[in-house]
Amino acid sequence: MKDIQAQFLGRFSETARGRLARMRAAIADPHGTGLSTVIHELHSFAGESGLLGFSQFVAVARDGEAEAKRRQTAGSADAAFALDVIARLEQMLDELAASVAAK
Amino acid sequence: MERFILRAEVHTASEAFVSYAYDLTPTSVFVVTDWRAPIDTRVIVRLSVPRALEPVDVACRIAGLRVAGNPGEVAGIVFEFDPEAPPASVLALLDKVRDLPEDPAPARFRVLLVEDNGLTRDVFSYSAQRYFGAEDEVEIDHADSAEKAWERLVAAHYDLVIVDYFLPNADGASLIAKLRADTSRRQPPVVAISVGGRPARDATMSAGADLFVDKPVTFRDLFNTMRILARVSTTDAGKQTILVLDDSTLALAVTRAALEAAGFSVVIADDLAAFERARERCRPDLILVDVQMPELFGDDLAATLLGHQVVDVPVVLFSSLDEAELARRSAAASATGYISKAAGLTELVRRCREYLGHAA
């Protein structure tokens with residue numbers, strides 16, 4: 001399935017960065033749905049990463065999703081912790097882009 | 001047989017050009033063109049229904065010319081097929097078109113019309129509604145510029161894209177070229193339309209359009225062609241059909257690419273309404289449902305589909321949830337099983353084959 005991975009690499013990166021941007025916006029919006037957005041976007045991110053074989057993203061996204069769900073269940077609205085998750089995923093996307101460019 | 005539009009590639013001794021054709025019969029075809037040559041000139045014509053039915057090459061001779069005498073008429077050449085080499089391939093093509101089954105009806109056929117003229121868009125939609133009636137076969141989205149069209153193309157898959165050449169800011173040819181350059185997505189057939197004649201035709205066909213039709217467009221001919229494309233797209237004889245519901249358009253595109261490469265016919269839906277229409281129309285052999293979606297949980301849907309015997313095919317949860325959670329939800333919903341997205345595409349294909357009863 002390496003050819004499918006290569007075929008969708010660009011779209012995966014574009015989609016992933018879009019998800020991270022939406023999370024940032026939701027976290028910054030005091031009237032927004034920070035945790036719900038984080039849960040949805042990280043869940044989708046994990047699914048798309050897993051399908052394409054980018055397993056390095058799956059664990060980070062899943063852990064972030066699980067923490068967001070835990071906080072939501074506990075009645076918290078604090079989604080700021082996800083900024084670290086976003087930063088980590090952005091760094092990983094940059095590393096992925098660099099490794100592809102190096103080939 | 002209803003009149004439909006074909007792609008025609010004409011090869012002479014010294015040149016080749018691409019245009020479109022009508023009125024295909026077992027003995028002749030009319031190709032729209034301003035190319036001229038003497039009667040009885042021999043050529044090879046390649047005829048196809050773009051991205052749907054395989055091309056056929058036919059030896060022909062020029063039998064006559066048509067001129068555009070009245071508004072709406074187009075000029076071109078009547079080619080007669082070589083009687084010494086009976087065109088079995090043409091007969092086979094006509095048979096395929098004629099024999100496309102009405103039932104099962106296709107999943108909803110999505111069309112994007114890129115046209116900045118509001119009256120043309122309105123007339124198209126009105127005419128389509130009258131042609132396709134209340135069957136709801138076709139869903140038409142509009143864009144009045146190349147920029148807006150690109151936003152729509154990025155967000156969703158279309159089964160057909162119709163592009164006017166003259167658009168504000170960027171012409172239709174540049175949009176078509178951009179679409180063709182993006183190999184990460186499934187490529188739909190593209191029909192270019194224009195009053196611009198041969199220059200517009202050459203520009204759009206060079207950019208990657210499958211068909212070019214001169215304006216004014218005879219909508220019935222175009223709709224007949226759309227109906228063929230819609231029926232072919234879900235009539236891959238012998239292939240088992242997998243219906244996938246997921247709110248992620250990327251996950252849908254990747255899943256479809258992998259399963260189609262594995263030989264399955266795949267229908268995708270990104271919301272419940274589209275899923276319901278597709279389920280009724282394409283009669284899938286296997287259903288994959290994402291679990292966490294904005295509208296509903298996929299395990300609730302699976303429980304309903306199977307518990308109320310709405311379907312009698314495997315319904316499998318397809319998610320990035322960890323396996324323990326997936327297994328728990330699958331059991332609780334009495335789903336047929338589950339597939340983890342984290343396991344990747346090879347595992348996806350293997351598990352689908354298992355659920356469909358293929359030998360290991």
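Convention: sequence-line order gives letters A, B, ...; per-chain numbering from 1. Because the structure is predicted, anything quoted here is derived from the model rather than measured.
With respect to B:R279 and B:E276, a salt bridge is recorded, a charged nitrogen being found less than 4.0 Å from a carboxylate O. The existence of a salt bridge linking B:E325 and A:R62 is excluded, since no basic side-chain nitrogen approaches an acidic carboxylate oxygen closer than 4.0 Å. Salt bridge present: B:R350 and B:E347 bring a charged side-chain N and a carboxylate O closer than 4.0 Å. A salt bridge is absent between A:R88 and A:D63: the closest approach of a Lys/Arg side-chain nitrogen to an acidic carboxylate oxygen does not fall below 4.0 angstrom.
At a 4.5 Å heavy-atom cutoff, A:Q5 makes no contact with chain B through either its backbone or its side chain. For A:F12, the parts sitting under 4.5 Å from any heavy atom of chain B are the backbone and the side chain alike. With a threshold of 4.5 angstrom between heavy atoms, A:H40 approaches chain B through side-chain atoms but not through N, CA, C or O. Contact of A:L51 with chain B is made through backbone and side chain together, with heavy-atom distances under 4.5 Å. Of the two parts of B:D322, the backbone and the side chain both hold a non-hydrogen atom closer than 4.5 Å to a non-hydrogen atom of chain A. The contact between A:T15 and chain B is made entirely by side chain atoms (from C-beta outward), counting heavy-atom distances below 4.5 Å. Looking at B:T249, both its backbone and its side chain come within 4.5 Å of chain A, counting heavy atoms on both sides.
Ranked by heavy-atom pairs under 4.5 Å with chain A, the list B:L321, B:D290, B:T255 is led by B:L321.
Between B:M205 and B:R7 there is a side-chain heavy-atom pair separated by less than 4.5 Å.
Enclosure of atom CZ in B:F297 is not indicated, since only 12 or fewer non-hydrogen atoms of other residues, nucleotides or ligands lie within 6.0 angstrom.
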